[in-house]
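See structure below.
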Amino acid sequence: MTASPSRVEADGALAFGERLGEAFFDRPPRDVARDLIGCGLFHDGAGGAIVETEAYERDDPACHAYVGRTERTDVIYGPPGRAYVYLCYGIHRMFNVVTESNGTAAAVLVRALQPQVGLEVMELRRGAPREAQDLCSGPGKLCEALAIELDETYSRLWEPPWQLTARQTDASTPEIVAGPRIGITKGVELPWRYCLAGSRFLSRSAG
DNA sequence: CCTGCGATTTGCT
DNA sequence: GCAAATCGCAGGC
């Protein structure tokens with residue numbers, strides 16, 4: 001059961017373009033976060049279209065790297081296009097994309113997908129029968145459904161097992177809504193959460 | 001529909 | 001020692 005973007009066309013789903021390369025990620029996190037909406041994310045036999053992201057950057061008190069470069073935050077300061085997966089509340093894994101060049105702390109949290117491939121395996125991993133809109137509608141759910149693991153931190157997102165693919169080149173630009181980030185206590189006012197307008201697959205409605 | 005709470009691990013003070 | 005980029009369940013309206 002391989003997730004091949006070329007097969008992602010059933011159910012009115014988007015088709016996807018080529019794999020995103022390192023240069024895509026070597027930009028400010030808000031640009032990357034916005035441009036990731038509508039892109040494809042596939043991992044270990046499951047995936048779909050990204051519908052919700054959040055940007056975190058240097059001098060942003062909500063960013064893990066705000067405390068400086070430590071063993072945990074080293075990856076965020078490192079080269080772009082690497083995965084940063086960490087454990088939240090001792091239970092849930094969170095998947096981030098590292099952006100900007102080596103030496104600058106910046107990352108994008110991927111919060112929700114519209115599932116398109118591997119619906120059955122996602123349900124198995126999520127542990128119970130679920131509606132499609134409850135499979136990947138949150139950062140913890142997404143990592144569980146796609147089997148994204150902590151030890152994949154530092155891995156390159158343009159290599160297996162990742163398939164991070166561009167929006168279809170002939171697709172119209174999706175309508176994107178920005179608003180405050182979710183679940184944080186610092187930097188609450190910054191509107192650095194990006195959602196696909198009208199999507200039913202968000203962790204929360206876009207307001 | 002909504003609100004509150006417990007689970008469970010880790011990194012940093 | 002404590003706070004944390006969450007989730008699912010219980011209970012009330």
Side-chain angles (χ1 to χ4, degrees), chain A residues 25 28-34 36-37 41 43 46 50-78 80 82-100 104-115 122-155 157 164 176-196 199-207:
Chain A
F25 304 103
R30 277 174 271 167
D31 293 347
V32 174
R34 176 175 286 273
L36 276 174
I37 301 298
L41 171 61
H43 180 278
I50 296 173
V51 297
E52 181 180 344
T53 59
E54 287 177 357
Y56 290 86
E57 64 183 54
R58 186 180 53 175
D59 301 328
D60 164 14
C63 182
H64 288 169
Y66 190 69
V67 298
R69 195 164 186 160
T70 66
E71 186 172 349
R72 180 205 203 190
T73 64
D74 178 72
V75 64
I76 309 173
Y77 284 86
R82 312 305 165 98
Y84 165 45
V85 188
Y86 77 96
L87 194 63
C88 183
Y89 292 97
I91 302 172
H92 305 291
R93 307 184 298 281
M94 306 279 122
F95 167 57
N96 292 249
V97 169
V98 174
T99 81
E100 288 198 304
T104 301
V108 172
L109 172 68
V110 181
R111 291 189 54 91
L113 295 186
Q114 174 174 346
M122 289 194 211
E123 262 192 49
L124 282 174
R125 290 168 178 160
R126 296 272 293 113
R130 306 271 181 187
E131 299 296 326
Q133 59 207 75
D134 195 31
L135 287 173
C136 299
S137 52
K141 299 178 188 178
L142 185 158
C143 283
E144 189 168 51
L146 270 59
I148 295 171
E149 303 298 338
L150 296 173
D151 63 9
E152 294 183 82
T153 294
Y154 287 107
S155 63
L157 295 173
L164 212 45
I176 295 170
V177 182
R181 295 172 292 182
I182 292 178
I184 56 174
T185 57
K186 290 167 278 190
V188 183
E189 72 289 352
L190 299 169
W192 292 353
R193 173 182 181 233
Y194 300 92
C195 298
L196 178 63
S199 173
R200 314 188 318 278
F201 299 93
L202 304 174
S203 66
R204 284 161 49 168
S205 75

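Per chain, numbering begins at 1; letters A, B, ... match sequence-line order. Source: prediction; values computed, not measured.
- Residue side chain A:H92 does not reach the base of C:dA5 through any donor-acceptor N/O pair under 3.5 Å, judged by distance alone.
- When each of A:R126 and A:F95 is assigned the nucleotide of DNA chain C bearing its nearest heavy atom, the one mapping closer to the 5' terminus is A:F95.
- For C:dA5, the OP1/OP2 oxygens have a side-chain nitrogen or oxygen of A:H64 closer than 4.0 Å.
- Counting non-hydrogen atoms of other residues, nucleotides and ligands closer than 6.0 Å to CZ of A:R58 gives a total of 12 or fewer.
- Dashed line: the shortest gap from a side-chain N or O of A:R93 to OP1 or OP2 of C:dA5 is not under 4.0 Å.
- Other residues, nucleotides and ligands place more than 12 heavy atoms under 6.0 Å from the CZ atom of A:R69.
- OP1 or OP2 of C:dA3 has not a single side-chain nitrogen or oxygen of A:T185 nearer than 4.0 Å.
- Of all nucleotides listed (B:dT9, C:dA5, B:dC12), B:dC12 comes nearest to the side chain of A:T70.
- Taking only side-chain atoms of A:D134, from C-beta outward, the nucleotide of B:dA7, C:dC7, C:dG8 with the closest atom is C:dG8.
- Mapped onto DNA chain C by nearest heavy atom, A:N96 and A:K141 fall at different nucleotides, with A:N96 at the one closer to the 5' end.
- Among the duplex regions that DNA chain B forms, those built from at least three successive Watson-Crick or G-U pairs under 3.5 Å are B:1-7 with C:6-12, B:9-12 with C:1-4, ordered by first number.
- A donor-acceptor contact shorter than 3.5 Å is absent between the side chain of A:Y56 and the backbone of A:H64.
- For A:R125, the CZ atom counts as densely surrounded, since its 6.0 Å shell holds more than 12 non-hydrogen atoms of other residues, nucleotides or ligands.
- Dashed line: the shortest gap from a side-chain N or O of A:R130 to OP1 or OP2 of C:dG8 is under 4.0 Å.
- Taking only side-chain nitrogens and oxygens, A:S203 never comes nearer than 4.0 Å to OP1 or OP2 of C:dT6.
- Between the side-chain ring of A:Y56 and the base of C:dA5, a stacking contact exists by the 5.5 Å and 30° definition.
- A:E152 is not listed as a side-chain neighbour of A:F95, based on a closest heavy-atom distance of 4.5 Å or more.
- Paired with A:C136 under the rule side-chain contact (heavy atoms from CB on, under 4.5 Å), one option of A:K141, A:E144, A:M122 passes, and it is A:M122.
- In the set C:dG8, C:dA5, B:dC12, B:dC12 carries the atom at the smallest distance from any side-chain atom of A:T73.
- Taking CD from A:E52 and CZ from A:F201, the interatomic distance works out to 13.0 Å, rounded to the nearest 0.5 Å.
- Taking the side chain of A:I182 as heavy atoms from C-beta on, and the options B:dC12, C:dT6, C:dA5, the nearest nucleotide is C:dT6.
- In this structure, A:R72 reaches the sugar-phosphate backbone alone: every heavy-atom distance under 4.0 Å involves primed, P, OP1 or OP2 atoms, never a base.
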